[in-house]
Protein chains: 2
Amino acid sequence: MLTDRQLLILQSIIEDYIQSAEPVGSRSISKKNSITFSPATIRNDMADLEELGFLEKTHSSSGRIPSQKAYRLYVDRLLLPYRFSEPEMNNIQSLFAGKILEAEEAVKETAGILSELTSYASIVLGPEMFESRLRQIQIVPIGKEAAVAVIVTDTGYVENHTVALPPTLEAGELEQITNILNERLRGIPLYQLQRALFSEVRDVLKRYVFNYEAALSFTEEALRKSRHEKIFYGGKTNLLNQPEFKDVDRVRALLELMEEEHLIHELLKPTINGMTIRIGQENTNEAFEHCSIISATYSLAGKPVGTIGIVGPTRMEYQKVISLVNHLSYGLSNVLDDLYRRDS
Amino acid sequence: MLTDRQLLILQSIIEDYIQSAEPVGSRSISKKNSITFSPATIRNDMADLEELGFLEKTHSSSGRIPSQKAYRLYVDRLLLPYRFSEPEMNNIQSLFAGKILEAEEAVKETAGILSELTSYASIVLGPEMFESRLRQIQIVPIGKEAAVAVIVTDTGYVENHTVALPPTLEAGELEQITNILNERLRGIPLYQLQRALFSEVRDVLKRYVFNYEAALSFTEEALRKSRHEKIFYGGKTNLLNQPEFKDVDRVRALLELMEEEHLIHELLKPTINGMTIRIGQENTNEAFEHCSIISATYSLAGKPVGTIGIVGPTRMEYQKVISLVNHLSYGLSNVLDDLYRRDS
DNA sequence: GTTAGCACTCGTTTTATCCGAGTGCTAAAT
DNA sequence: ATTTAGCACTCGGATAAAACGAGTGCTAAC
């Protein structure tokens with residue numbers, strides 16, 4: 001459908017525009033080393049490409065800019081793998097070289113590297129620890145009215161809630177409950193805890209605890225899944241450097257959207273494994289109209305537990321960003337697997 | 001030094017400018033109800049006020065804008081207490097009405113309310129829990145190489161580190177260490193834990209644990225003060241609505257500065273009790289040149305443990321903001337004291 | 001099929017002009 | 001001795017016209 005020359009010209013225009021953020025004219029294309037045709041020839045092809053919806057003009061006598069469709073084609077068919085430069089490589093290496101003890105630390109680091117190397121904004125979700133298994137639970141009374149429930153998983157993840165203490169609970173009972181929970185629930189994945197509470201613990205509790213109803217609901221509260229969606233951003237302010245965001249209103253819309261944690265989570269939450277590339281209006285949300293989002297899930301023990309991603313203008317360095325996101329998602333998965341494996 | 005009329009005029013100009021963000025002319029001042037003088041009279045006083053450094057012109061025939069010195073005078077001498085409107089009052093009340101179980105929750109809420117009611121950005125530090133006392137420590141091994149140390153304080157605050165496990169440590173010893181620590185360190189304030197480790201625990205450890213050196217340094221690591229400075233922001237994007245920040249570069253400088261957590265912490269960390277008002281260049285940092293920062297410490301059991309503050313343009317609604325910050329810092333202190341008191 | 005030549009388009013930049021809010025000064029009024 | 005009215009003057013901002021130039025589309029020659 002497109003001739004080789006048209007593809008070559010399209011690619012040149014896209015890459016030029018990614019660099020310059022300015023409409024690209026036929027003359028500047030013809031000057032490139034890889035191009036041997038005259039401006040007039042290029043103009044002809046450009047006109048065709050525009051007719052096919054790959055190029056656009058900002059006004060009738062301007063150079064062309066790539067359309068969303070062009071970026072899509074570029075990403076799907078024209079992209080060559082990117083070779084990281086020396087310092088970039090070092091940067092990435094060092095991220096995964098140091099001894100990392102906590103998952104969250106690794107995840108935060110990744111967000112930092114992502115934004116630093118791309119000069120766009122990075123978003124990192126998770127890791128969701130639903131799959132981790134309970135290693136230990138501790139319920140510590142704080143005064144008469146409240147207690148702190150601390151859950152430690154086999155991945156070293158710690159979660160805690162403060163829970164109101166039912167007044168009927170007797171002194172020793174809290175300890176007893178803790179013991180029962182530890183005995184019965186150890187090794188159970190977090191997301192099954194509530195269910196297991198009923199199937200495994202309920203009856204035992206009935207036997208040993210006086211006000212069993214109150215104790216049960218108290219325990220249920222203590223085990224409740226924290227709906228805390230962990231989102232880390234890196235280099236939000238990088239976006240302000242992009243010429244497409246010199247308009248304050250557009251920036252505001254974008255930054256405000258990024259505060260909406262549940263939306264961002266919904267958008268990026270790890271479902272199927274792999275990489276997602278959303279260009280411009282492929283993001284349904286209006287504030288992302290002029291953005292592209294490139295994201296990839298990372299996984300723990302083969303299961304996707306989180307997402308890393310980059311938000312930048314549609315005029316994005318796709319080549320570099322895609323490689324980087326890809327690379328880091330693998331790296332991060334490996335780090336997490338190492339953390340996880342120490343359990344066995 | 002200043003006549004009453006000059007003060008009145010100055011105040012009118014400041015308040016007008018706070019509203020309009022536009023240079024104020026003599027005519028518009030003379031139209032106000034509280035003012036009975038003609039524009040010419042006002043012009044004379046304005047000239048004097050300019051000579052004294054309280055007013056500035058943007059160009060030779062423009063109206064006047066208040067100088068930094070004027071805001072300072074305004075804040076120090078002209079400010080009347082602000083009466084909260086009905087909905088504002090409700091908002092504040094509701095913040096402190098609900099049953100709050102965790103300090104951090106209260107603090108985050110406060111940041112939200114602050115920015116919502118002011119339409120500026122809020123910064124909240126802390127609470128620093130150095131003064132809280134150890135209630136319980138738990139060391140949970142995660143695989144062969146690492147363990148999670150979980151510290152719960154009497155204020156319900158939970159802190160955890162992952163620590164590398166010395167290979168020489170024997171199976172039961174970890175439990176023994178945990179027991180010793182709980183026995184000897186309970187009730188000791190967090191900031192004294194490391195010291196108490198040496199004075200109270202060291203010798204006991206020596207007696208019971210084989211590789212005492214390794215165990216000690218392991219324990220020390222487990223108890224290390226987390227240097228995690230907790231900073232919560234609210235309504236950063238509000239700043240983008242202010243006309244003085246329509247310039248993207250200025251916004252970027254500001255937002256980038258706010259990412260520098262240690263700087264912000266240094267700037268706002270709670271030292272002496274009470275309220276601080278920094279106007280314009282009184283903030284030494286260049287990015288805050290056009291900002292004012294109003295902050296107040298909040299306290300727990302009489303000791304300052306954190307700071308709440310507002311960042312806005314120098315043209316800020318001082319009256320409202322000062323009252324609000326003041327009010328909320330008291331309220332927050334009370335909430336925390338309630339949380340704390342439940343211990344006794 | 002490709003390219004050179006050329007008229008044409010249209011956003012950007014520059015220059016000129018006008019407008020009016022606001023000032024400072026002087027002289028009259030209180 | 002203040003306060004005020006009157007008036008010439010200043011200067012940024014808005015508006016219009018003109019010059020500029022990067023880039024196009026089309027036609028005719030290669």
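To find a chain, count down the sequence lines: A is the first, B the second, and so on, and within it residues start at 1.
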Q: Examine distances only and state if a side-chain atom of B:Ser295 and a backbone atom of B:Leu268 form a donor-acceptor pair shorter than 3.5 Å.
A: no
Q: May I ask you to say whether B:Glu259 pairs ionically with B:Lys236, meaning some side-chain N is under 4.0 Å from a carboxylate O?
A: yes
Q: Return yes if some donor-acceptor pair links the side-chain N/O of B:Lys57 with the main-chain N/O of B:Glu50 below 3.5 Å, else return no.
A: no
Q) Distance only, no hydrogens: is a donor on one side chain within 3.5 Å (strictly under) of an acceptor on the other, for A:Gln242 and A:Tyr120? A) no
Q) Atom CD of A:Glu22 and atom P of C:dG11: how far apart are they, to the nearest Å? A) 15 Å
Q: Take the protein atom CG of B:Asp16 and the nucleotide atom C1' of C:dA21, then report the distance between them rounded to whole Å.
A: 14 Å
Q: Nearest whole angstrom, please: distance from the P of D:dT10 to the NZ of B:Lys57.
A: 13 Å
Q: Kindly indicate whether a cation-pi arrangement holds for A:Arg278 with A:Phe288, taking the cut-offs as under 6.0 Å to the six-membered ring centre and within 45° of the axis.
A: no
Q. Between B:Glu50 (CD) and C:dT23 (P), how many Å, whole number?
A. 10 Å
Q | Proximity to DNA chain C (any heavy atom under 4.0 Å), residues of residues 58-70 of chain B only | A | B:Ser61, B:Ser62, B:Gly63, B:Arg64
Q) For B:Arg27 and C:dG24, what is the distance between atoms CZ and C1' respectively, to the nearest whole Å? A) 17 Å
Q) In whole angstrom, what separates B:Glu51's CD from C:dT23's C1'? A) 15 Å
Q. In whole angstroms, how far is the P atom of C:dA21 from the CD1 atom of B:Ile29?
A. 16 Å
Q. Between B:Thr118 and B:Leu114, is there a donor-acceptor pair closer than 3.5 Å when you use the side chain of the first and the backbone of the second?
A. yes
**Q.** Contact list for DNA chain C against residues 40-49 of chain B - heavy-atom distance below 4.0 Å
**A.** B:Arg43, B:Met46
(Q) Between A:Asp76 (side chain only) and A:Leu73 (backbone N and O only), is there a donor and an acceptor less than 3.5 Å apart? (A) no
Q.
Main chain of A:Gln281, side chain of A:Gln68: is a donor-acceptor contact present, judged purely on distance under 3.5 Å?
A. yes
Q: Check the distance between C:dG1's P and A:Gln6's CD and give it to me in whole angstrom.
A: 12 Å
Q. Name the one of B:Arg64, B:Lys31, B:Lys32 that satisfies salt bridge (Lys or Arg N to Asp or Glu O under 4.0 Å) with B:Asp16?
A. B:Lys32
